[in-house]
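All remarks here apply to the structure that follows.
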Amino acid sequence: MRHPVMKKLLTWSLMWLAILQVQGFVPGYSHSKVASTALRYGREAEDIYAAIHRKEYEMKKVNAQHTSTTDPVRMAMSYAQETASPMRLARALRRVHEDVDENESPGLAGMRRASFIVDIKRKSLSRPGEVFCNFDDAGMVAEAMVRLGADAVIVNTDFAAYGGDITELKSAVKAVRKVSKTAAVIMKDIVVDEIQLGMAKEAGADGIILQSCVLGPALDSFLDLATFMGLETIVECHTRAEVERALEVNVAPTILINNHDRLTGEYYPDQAIQLAGLFPGSGGPIITLCGGGIETIDDMKRHLVAGFDGVVIGKAVMGSPLAPEFIRAVRDRTLLPAEIAHWVKDAEFDLEGNLMPGPKSNIPSPDDPSAYQ
């Protein structure tokens, strides 16, 4: 039974390579990582403060364009979700064994199968002046990634910071719906105005990323509105204080720890791993994701075995033909429940539950206050 699956995977791997060639992907440079040292990616690009002010100005114009009560964006914001939310995003991000295959061994119940999320973007605030991918259609990239096995795709809609726009989000939603009943589409923007939630909902996105450092005390009201609209959310954090604040908000079911400090522009390679012990165990109310500067498969595994439900990968797969290999490395492994994963060394399993050698080493204790910011 494995041969047809391998044949299909090979077919879509070849398709991905073709897209890389046709769309003109440009692999970027790879930077070295020093575990104990914060790395700065540059000084010339727009920082988060300038990006927020620019976005606030842009949203004033957007609000002026959507004033009618019959405007689709305003209607998306004004009407409560009348039926139970399908929770497509949550289902895509948390892949425990009993949700995947009911015929699997009962001994695997509670074991984790991590989710793989692709961050589709041409450039990034964290890499000033670098355009590491060129592609014409985010929808085509999203479709290829989902066919290769990605559980969700993030589509960036801020042109100045990430090189995307809202039309690409709509294209990605249409493309992903065509090929998968379970994969989720997430909108990523520098969210500063509630109308952006309406834009995400009207475009058909399953969820939206809200950055804790951008919204500050307003995070609660944005989460409340998103819940009212039936739009799932991911709260992006970097520091321990931001994580603890997000955990206090009862309507923040998914938290992403980013290794990048948005406020300073600095990069801390182990930030997510060092904060992994703050979360409840597997199957709890919080879905946990990690991301930011993860560029090798071993580094990705090292983050996942720390207890996260999923990993967000951007440049490492967008500007490289290694996307199929990254996805297979996630989908072909079983992980221990999160509540014990942080404490067990070298615990990684294949899909049958057999112990495999893992890259887990040098995981700091969450009780060490000097281990994280």
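- A donor-acceptor contact shorter than 3.5 Å links the side chain of Arg331 to the backbone of Gly149.
- Taking CG of Asp261 as the start and OG1 of Thr264 as the end, the distance is 3.5 Å to the nearest 0.5 Å.
- For the pair Met59/Val192, a side-chain contact is recorded, criterion being any heavy-atom separation below 4.5 Å from C-beta on.
- Contact annotation: the side chain of Gln274 never approaches that of Arg240 to less than 4.5 Å [non-hydrogen atoms, C-beta and beyond].
- The pair Arg177-Asp206 meets the salt-bridge criterion, with a side-chain N (NZ, NE, NH1 or NH2) lying under 4.0 Å from an Asp/Glu carboxylate O.
- One distance of note links CG of Asp151 with OG1 of Thr182; it measures 7.0 Å at 0.5 Å rounding.
- Between the side chains of Asp193 and Asn63, at least one donor N or O lies within less than 3.5 Å of an accepting N or O.
- Side-chain atoms of Asp165 and Thr167 include a donor-acceptor pair closer than 3.5 Å.
- Shown here for Val191 and Leu215, the closest heavy-atom pair between the two residues is O-CD2, 3.3 Å.
- Relative to the ring axis of Tyr162, Arg122 does not place its NZ or CZ within 45° and under 6.0 Å from the centre.
- Side-chain contact between Val311 and Ile294: present, with at least one pair of heavy atoms (C-beta onward) separated by less than 4.5 Å.
- Side-chain N or O atoms of Asp119 include none that pairs as donor or acceptor with a backbone N or O of Val155 at under 3.5 Å.
- Using a 4.5 Å heavy-atom cutoff, the side chains of Thr254 and Thr233 are not in contact.
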Let me see the working for Arg262 and Glu236 under salt bridge (charged side-chain N to carboxylate O under 4.0 Å, His left out), right down to the final yes or no. CA-CA 10 Å; Arg262 299 290 188 189; Glu236 180 185 307; 2.9 Å; yes
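- Residues Glu194 and Phe222 have side chains in contact (heavy-atom distance under 4.5 Å, counting atoms from C-beta outward).
- In this structure, CE on Met87 lies 10.0 Å from CZ on Arg94, to the nearest 0.5 angstrom.
- In terms of heavy-atom proximity, Ser212 sits nearest to Cys237 at CB-SG, 4.3 Å.
- Ring centers of His260 and Tyr268: at least 6.0 Å apart, outside the cut-off.
- Panel note: side chain Glu242, backbone His238; a donor-acceptor pair is recorded below 3.5 Å.
- In this structure the side chain of Leu93 reaches within 4.5 angstrom of the side chain of Ile117, judged on heavy atoms.
- A 4.5 Å side-chain heavy-atom check between Pro253 and Ile286 finds every atom pair outside the cut-off.
- Remark: Cys290 SG to Met300 CE distance equals 9.5 Å, nearest 0.5 Å.
- The shortest heavy-atom contact between Ser171 and Gly139 is OG-CA, 3.5 Å.
- Tested against Ile255 for a side chain to side chain contact (heavy atoms under 4.5 Å, CB included), the candidates Leu278, Leu275, Ile287, Leu247 yield a single pass: Leu247.
- Here the side chain of Lys315 pairs no donor or acceptor atom with the backbone of Gly293 at under 3.5 angstrom.
- The two atoms that bring Leu169 and Ala200 nearest to each other are CD2-CA, 4.4 Å, heavy atoms only.
- In this structure, Ile257 CD1 and His303 NE2 are separated by 9.5 Å, a value rounded to the nearest 0.5 Å.
- When only modelled atom types and interatomic distance are considered, Ser115 and Asp309 share no side-chain donor-acceptor pair under 3.5 Å.
- Here the closest heavy-atom approach between residue Val173 and residue Ala205 is recorded as CG2-N, 4.0 Å.
- Remark: side-chain polar atoms of Glu232 are paired, donor with acceptor, to backbone N or O of Arg88 under 3.5 angstrom.
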Could you go through the side chain to side chain contact (heavy atoms under 4.5 Å, CB included) check for Met229 and Tyr79 one step at a time? CA-CA 7 Å; Met229 294 165 50; Tyr79 290 91; over 6 Å; no
Is there a side chain to side chain contact (heavy atoms under 4.5 Å, CB included) between Ile186 and Ile209 once you walk through the steps? CA-CA 7 Å; Ile186 306 158; Ile209 295 177; 3.8 Å; yes
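- For the pair Asp189/Met199, no side-chain contact is recorded, criterion being any heavy-atom separation below 4.5 Å from C-beta on.
- Atom CG of residue Asp220 and atom CG of residue Leu223 lie 6.5 Å apart, to the nearest 0.5 angstrom.
- A salt bridge is defined here as a Lys NZ or Arg NE, NH1 or NH2 lying under 4.0 Å from an Asp or Glu carboxylate O, and Lys60 with Glu56 fails to meet this definition.
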Check the pair Glu202, Lys170 against side chain to side chain contact (heavy atoms under 4.5 Å, CB included), reporting the backbone distance first and the verdict last. CA-CA 9 Å; Glu202 193 272 333; Lys170 295 179 179 180; 3.5 Å; yes
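- Taking both residues in full, the closest heavy atoms of Tyr267 and Gly292 are given as CE1-O, 3.3 Å, listed atom of the first, atom of the second, then distance.
- Looking only at atom types and distance, the side chain of His66 has a donor-acceptor partner in the side chain of Asp71 under 3.5 Å away.
- In this structure, a donor-acceptor pair under 3.5 Å is absent between the side chains of Asn259 and Gln271.
- Annotation: cation-pi pair Lys123/Phe159 present, NZ/CZ under 6.0 Å from the ring centroid and within 45° of its normal.
- In this structure, the side chain of Asp158 engages the main chain of Ala161 through a donor-acceptor pair within 3.5 Å.
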Could you go through Phe135 and Met318, starting from their C-alpha distance and side-chain angles, then the distance that decides it, and tell me whether this counts as side chain to side chain contact (heavy atoms under 4.5 Å, CB included)? CA-CA 10 Å; Phe135 53 86; Met318 290 300 300; 3.7 Å; yes
Steps toward salt bridge (charged side-chain N to carboxylate O under 4.0 Å, His left out) verdict (Glu58, Lys61): CA-CA 5 Å; Glu58 290 177 2; Lys61 294 183 177 181; over 6 Å; no
